[in-house]
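Here's the structure, in structure tokens; my notes come after.
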Amino acid sequence: NTVNYEDDTAIEGGSTAGQYITKPVNLENTSTALDVRVAASVRSTSSIKAYYRITGGDETRRIEDIPFIPFNTDGSSDSTVAPSDGDVVLDNDFKDYKFSASNIHDFTSFQIKIVFRGTNSAYTARLKDLRVIALAV
């Protein structure tokens with residue numbers, strides 16, 4: 001409900017202040033599933049959501065012209081992960097998050113977007129060890 005609000009699934013941009021977007025990844029072989037793993041330190045006042053977009057196969061548009069699709073219909077991880085707690089989060093307080101999508105139409109190129117949300121900008125989520133696997137299932 002803000003002026004000029006743009007959803008995180010938009011082709012470009014989005015109204016969320018914190019975003020990480022990978023470069024497009026081109027594959028040699030056709031794939032039909034994505035598996036994303038990331039280690040994140042997320043406090044109870046914050047959250048992360050993940051999105052993807054694909055092209056290739058039957059899709060002929062450039063990847064930059066395709067809107068992002070949320071993992072698990074709302075961008076949430078496959079399972080609930082307890083947030084970090086306390087005022088001081090140590091550098092080693094990272095927990096594994098998994099986002100997956102299967103039964104996707106054939107694709108040969110993909111891009112991942114991770115969005116950071118929260119109510120306290122001093123305690124934003126932190127990420128490391130992003131791993132993405134494209135599968136032909």
Side-chain angles (χ1 to χ4, degrees):
N1 293 338
T2 60
V3 177
N4 298 325
Y5 172 79
E6 196 158 345
D7 194 57
D8 291 317
T9 59
I11 293 171
E12 186 176 293
S15 291
T16 304
Q19 304 175 14
Y20 175 77
I21 303 174
T22 66
K23 292 181 180 181
V25 176
N26 298 314
L27 307 169
E28 285 188 30
N29 299 316
T30 302
S31 295
T32 59
L34 284 170
D35 186 17
V36 176
R37 310 279 175 117
V38 64
S41 176
V42 181
R43 294 176 182 257
S44 60
T45 58
S46 303
S47 68
I48 60 172
K49 296 203 178 266
Y51 302 81
Y52 67 93
R53 61 182 171 188
I54 56 173
T55 190
D58 294 336
E59 178 62 68
T60 58
R61 293 180 289 175
R62 295 178 330 139
I63 198 161
E64 294 85 5
D65 298 331
I66 299 171
F68 282 94
I69 302 165
F71 281 94
N72 300 312
T73 68
D74 65 353
S76 62
S77 62
D78 291 359
S79 60
T80 303
V81 179
S84 301
D85 53 6
D87 291 334
V88 178
V89 176
L90 302 174
D91 288 339
N92 61 358
D93 189 26
F94 285 85
K95 299 176 182 175
D96 289 326
Y97 287 76
K98 177 184 176 185
F99 303 89
S100 60
S102 56
N103 298 323
I104 306 172
H105 66 79
D106 293 353
F107 64 92
T108 56
S109 183
F110 69 89
Q111 192 170 21
I112 303 296
K113 176 181 187 179
I114 299 178
V115 173
F116 306 89
R117 295 182 177 168
T119 57
N120 186 339
S121 60
Y123 297 128
T124 184
R126 297 179 300 152
L127 303 180
K128 70 177 185 176
D129 300 332
L130 175 65
R131 295 133 0 241
V132 182
I133 301 171
L135 305 162
V137 181

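Only this structure's heavy atoms are used, side chains among them; waters, hydrogens and symmetry mates stay out. Throughout, residue positions are numbered sequentially from 1 according to the sequence presented. On a predicted model such as this, the values are computed, not experimentally measured, just so you know.
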[X], [Y]: one ILVMFWY side-chain cluster at the under-4.5 Å cut-off?
{"X": "Ile114", "Y": "Ile66", "answer": "no"}
{"X": "Val115", "Y": "Phe94", "answer": "no"}
{"X": "Ile69", "Y": "Tyr97", "answer": "yes"}
{"X": "Val81", "Y": "Val42", "answer": "yes"}
{"X": "Val132", "Y": "Ile48", "answer": "yes"}

Only pairs at least two apart or in different chains count here, so list each ring-ring contact (aromatic ring centres under 6.0 Å, His included) that has a residue in [range].
{"range": "residues 23-42", "answer": "none"}
{"range": "residues 32-57", "answer": "Tyr52-Phe71"}
{"range": "residues 24-46", "answer": "none"}

Report yes if the side chains of Lys49 and Phe99 come closer than 4.5 Å at any heavy-atom pair, otherwise no.
-> no
Kindly indicate whether the side chain of Ile54, heavy atoms from C-beta on, has any atom under 4.5 Å from the side chain of His105.
-> yes
Determine which pairs satisfy side-chain hydrogen bond (donor to acceptor under 3.5 Å, both in side chains) with at least one residue from residues 62-74, sequence neighbours left out, and list them in order.
-> Arg62-Asp65, Asn72-Asp78, Asp74-Ser76
Indicate the ring-plane relationship of Phe110 and Phe107, choosing parallel, tilted or perpendicular according to the 30° and 60° boundaries.
-> perpendicular
dist Arg37:CZ -> Ser100:OG (nearest 0.5 Å) comes out at 8.0 Å
In Å, rounded to the nearest 0.5 Å, how long is the span from OG of Ser31 to CD1 of Ile133?
-> 11.0 Å
Nearest heavy-atom pair of [X] and [Y]: which atoms, and what distance?
{"X": "Gly56", "Y": "Thr108", "answer": "CA-OG1, 3.5 Å"}
{"X": "Lys95", "Y": "Pro83", "answer": "NZ-O, 3.5 Å"}
{"X": "Phe68", "Y": "Gln111", "answer": "CE2-O, 4.0 Å"}

Not counting sequence neighbours, which residues clear salt bridge (Lys or Arg N to Asp or Glu O under 4.0 Å) with Asp106? List them please.
-> none
Sequence neighbours excluded, which residues qualify as side-chain contact (heavy atoms from CB on, under 4.5 Å) partners of Asp129?
-> Ala39, Arg131
List for me each residue that meets side-chain contact (heavy atoms from CB on, under 4.5 Å) alongside Ala33, sequence neighbours excluded, and say none if there are none.
->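 Testing Ala33 for side-chain contact (heavy atoms from CB on, under 4.5 Å), a comparison that skips the adjacent residues, returns Ser102, Leu135, Val137.
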Can you list every salt bridge (Lys or Arg N to Asp or Glu O under 4.0 Å) pair that touches residues 112-123, not counting sequence neighbours?
-> Asp8-Arg117
Quiz: residues 20-30 side-chain donor-acceptor pairs under 3.5 angstrom, not counting sequence neighbours:
{"unit_1": "Thr22", "atom_1": "OG1", "unit_2": "Ile112", "atom_2": "N", "d": "3.0"}
{"unit_1": "Thr22", "atom_1": "OG1", "unit_2": "Ile112", "atom_2": "O", "d": "3.4"}
{"unit_1": "Asn26", "atom_1": "OD1", "unit_2": "Ser109", "atom_2": "OG", "d": "3.0"}

Which ILVMFWY residues can you reach from Ile63 by hopping between side chains whose heavy atoms are under 4.5 Å apart?
-> none
